[in-house]
Each structure stands twice: as C-alpha cells, then as structure tokens.
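First up is the structure itself, then whatever we jot down about it.
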Amino acid sequence: IHASFPAGAPPRAQFKAIWREMSAFATENPQAFAFLELHHHGSYLDAQNLALDQSLRTFGAGFVRAAHERGLGELGLFGIPFPASVGGGDGDFTSLCIAIEELARVDQSLAITLEAGVGLGASPIFKFGTPEQQRRFVTPCLAEGKIAALAVTEPGGGSDVAGLATRAERDGDHYVVTGAKTFITSGMRADLVTCAVRTGGPGHGGISLLVIERGTPGFGAGRKLRKTGWWASDTAELHFDGCRVPVANRIGPEHGAFPM
C-alpha cells in the first residue's frame, strides 16, 4: 500500500493519494482483509476502513510526528468524514474513528484534539448550518487546519445542559453574550467555538448555538486547566463579557439548539 507514497508532495496530496490507493487495493483484494475483519475489528468495518486502519498503524509514531509538525488539517485528517463539497475527504465517521484510534496508540492528546475538533466543534455547523456557514466555518477547519471547539459545560451547571446560564441578548443584528464555560477541550487554541447560549426562557426550549470566533471583543480564554492526563490537549475556561456575535453566526433556529 505504501510503495507509491508520493515523497515530496504536499501532505494533503499525500494523504489523498494513499486514500485512493488503499481504496483500490481493498476493492481488488478483499480477501487480504478477511482475517483482520474477523479477528480484529469485527464485521462492522468494510474493506476501505480496514485498509485505512492498517495504513495508519504502519505509519505509527512517524505519522503522529507528522501530525504534530504539519498539523491535523494539513494532513487531511480533519476532513475525513466530510464531503468534498466543503473541502473534506469524502470518508465516513467509521474512518474517522479508525484515525482517532490509531493516533491514540501513540498520542492520546492528539487523538482527542482530532475527535473534539471534528465531532464536537465542526460537525454541528456542518449538520445544521447553512451552506454559507459551512463555507465560512467548516471549510477553513478542513483546508487550513483551524481548530473548532464546542462550549456547553459551565462552572455551575456541569452536564445540566437545559440549565445553562450563559446569556445571549438580541441587539439588532447581533447577540450580546455574557457568561462563562469550563472544561472546554482545545479552548485555549480554538479559532472558533460552537457555543450553547440562552436566548430564551428557562429550560431546554431557550437554548441556541452561536459560532464565536477568536478575537471577537469580549471573548477570551482564561486559565488552562490542569488534568491528570492528556496534557498536550488543552482544556480551558472561556469567558464572555458583552461579546457581540452576529446573528448570522447562529446555527439553526433561535431557541432550537437542544435537539441538535
């Protein structure tokens, strides 16, 4: 599978080339993956999934070093489950899980950065956002390696999403956001945060999602939280003090975020 890996090519082109080669090999030689399918992963993986798993495992620590040096976005990993129409790799979430698993064999911090950036930060925007929002927020994560985070948990609320208190008051074509979040994965380095805020009354029916970009006045990351592990994956407190966010950054209908 790796014999024709195009040395010297840009990392994204390298990843796409090996993806194409793996797919072709798996299609032409499905029997080569039968043992792995039966004894390693089980029948839920198809031949392309198994090829990706074996490829990343072969790269091992060298692949993780490349991800640290070049970035997950430049290697094309952020784009695995997204369609080509937004700059993705036309893969699926099973393939994403394989990439996360194989990264975690060497560096769990890097693996959770990939999982959180795609599964938590960018996916709600892709799934529930408009095409324009996908272009503005999702494509830069896939093409430029920008980091997306999800901000729901609050200092006084824990996992009680319906009770969150961060407030977003409508002011013309903006929301004014005031409040705080905590335990936010990649919060220190996130370029954009998909943030759950209260735009309506109490309970689950008053919550909306806003994309808040780094550098927005009134938005900042507080201290980096100390954990017992995953130290290279930052976990942070976020603060919003009269932060003005365009209504155009709202994902989905107002007060409609809880079902998302």
Side-chain angles (χ1 to χ4, degrees), residues 5-20 52 55-56 59-93 95-104 106-127 129 131-151 184-195 211-216 219-221 224 230-236 238 249 251:
F5 193 83
R12 176 173 286 272
Q14 291 178 356
F15 188 85
K16 287 185 176 180
I18 203 166
W19 181 281
R20 288 194 297 270
L52 176 62
S55 176
L56 294 183
F59 277 125
F63 182 76
V64 171
R65 281 196 299 273
H68 274 295
E69 293 167 0
R70 303 172 182 173
L72 294 167
E74 190 177 351
L75 287 173
L77 295 184
F78 279 133
I80 288 176
F82 296 100
S85 60
V86 295
D90 270 333
D92 55 25
F93 267 89
S95 298
L96 175 66
C97 290
I98 291 170
I100 292 168
E101 177 185 359
E102 297 306 328
L103 288 173
V106 182
D107 188 334
Q108 294 181 15
S109 293
L110 193 64
I112 195 62
T113 299
L114 174 60
E115 190 282 327
V118 175
L120 300 179
S123 287
I125 305 174
F126 172 74
K127 187 171 183 180
E132 172 63 15
Q133 290 170 332
Q134 294 172 0
R135 184 194 64 79
R136 288 178 57 205
F137 302 127
V138 176
T139 298
C141 294
L142 313 186
E144 303 168 24
K146 289 192 174 183
I147 302 294
L150 178 68
I184 306 307
T185 301
S186 300
M188 296 296 294
R189 54 183 166 177
D191 297 290
L192 56 95
V193 177
T194 306
C195 187
V211 177
I212 305 178
E213 300 173 85
R214 175 190 289 274
T216 302
F219 167 45
K224 180 179 178 180
W230 290 359
W231 288 356
S233 168
D234 70 83
T235 303
L238 304 180
N249 285 24
I251 304 301

Side chain to side chain, Pro124 and Ile251, heavy atoms closer than 4.5 Å:
no

- Query: Should Thr235 and Ile184 be marked as a side-chain contact (heavy atoms from CB on, under 4.5 Å) after you check the CA-CA gap, both sets of side-chain angles, and the distance that decides it?
  - Reply: CA-CA 5 Å; Thr235 303; Ile184 306 307; 5.9 Å; no

All heavy atoms of Ser123 vs all of Phe93, minimum pair found to be OG-CZ, 3.5 Å

When every non-hydrogen atom of Ala221 is compared with those of Met188, the smallest separation belongs to CB-SD, 3.9 Å

When every non-hydrogen atom of Ser186 is compared with those of Ile147, the smallest separation belongs to CB-CG2, 3.9 Å

Below 4.0 angstrom, N of the basic side chain to O of the carboxylate: do Glu213 and Lys146 qualify? no

**Asked** With a 4.5 Å limit on heavy-atom distance, are the side chains of Leu110 and Leu114 in contact?
**Response** no

Closest non-hydrogen contact found for Ala122 with Ala148 is N-CB, 3.9 Å

Value for CZ (Phe137) from CG (Asp191), rounded to nearest 0.5 Å, stands at 12.0 Å

Residues Arg136, Ile125; criterion side-chain contact (heavy atoms from CB on, under 4.5 Å); working and verdict: CA-CA 10 Å; Arg136 288 178 57 205; Ile125 305 174; over 6 Å; no

Is any side-chain heavy atom of Val138 closer than 4.5 Å to one of Gln133?
no

> Is Ile80 close to Ser95 at the side-chain level, that is, under 4.5 Å between some pair of heavy atoms?
Replying inline: yes

Do Cys141 and Phe82 come close enough that some side-chain heavy atom pair is under 4.5 Å?
-> no

Between Pro83 and Asp90, the two heavy atoms sitting closest are CA-OD1, 3.2 Å

Is the closest side-chain heavy-atom distance between Cys195 and Val211 below 4.5 Å? no

In short, Leu238 meets Gly187 closest at the heavy-atom pair CD2-O, 3.8 Å

Interatomic distance, CD@Glu101 vs CD1@Ile98, rounded to 0.5 Å, equals 7.5 Å

Is the number of heavy atoms from other residues, nucleotides or ligands within 6.0 Å of NZ (Lys224) greater than 12?
-> yes

dist Cys97:SG -> Glu115:CD (nearest 0.5 Å) comes out at 8.0 Å

4.5 Å side-chain heavy-atom contact, Arg189 and Asp234:
yes

Start with the C-alpha gap between Leu142 and Val86, add the side-chain angles, then the distance that decides, and say whether side-chain contact (heavy atoms from CB on, under 4.5 Å) holds.
CA-CA 8 Å; Leu142 313 186; Val86 295; 4.0 Å; yes

Sorted by chain and residue number, the side chain to side chain contact (heavy atoms under 4.5 Å, CB included) partners of Leu150 (sequence neighbours excluded) come out as Leu120, Val152, Thr194

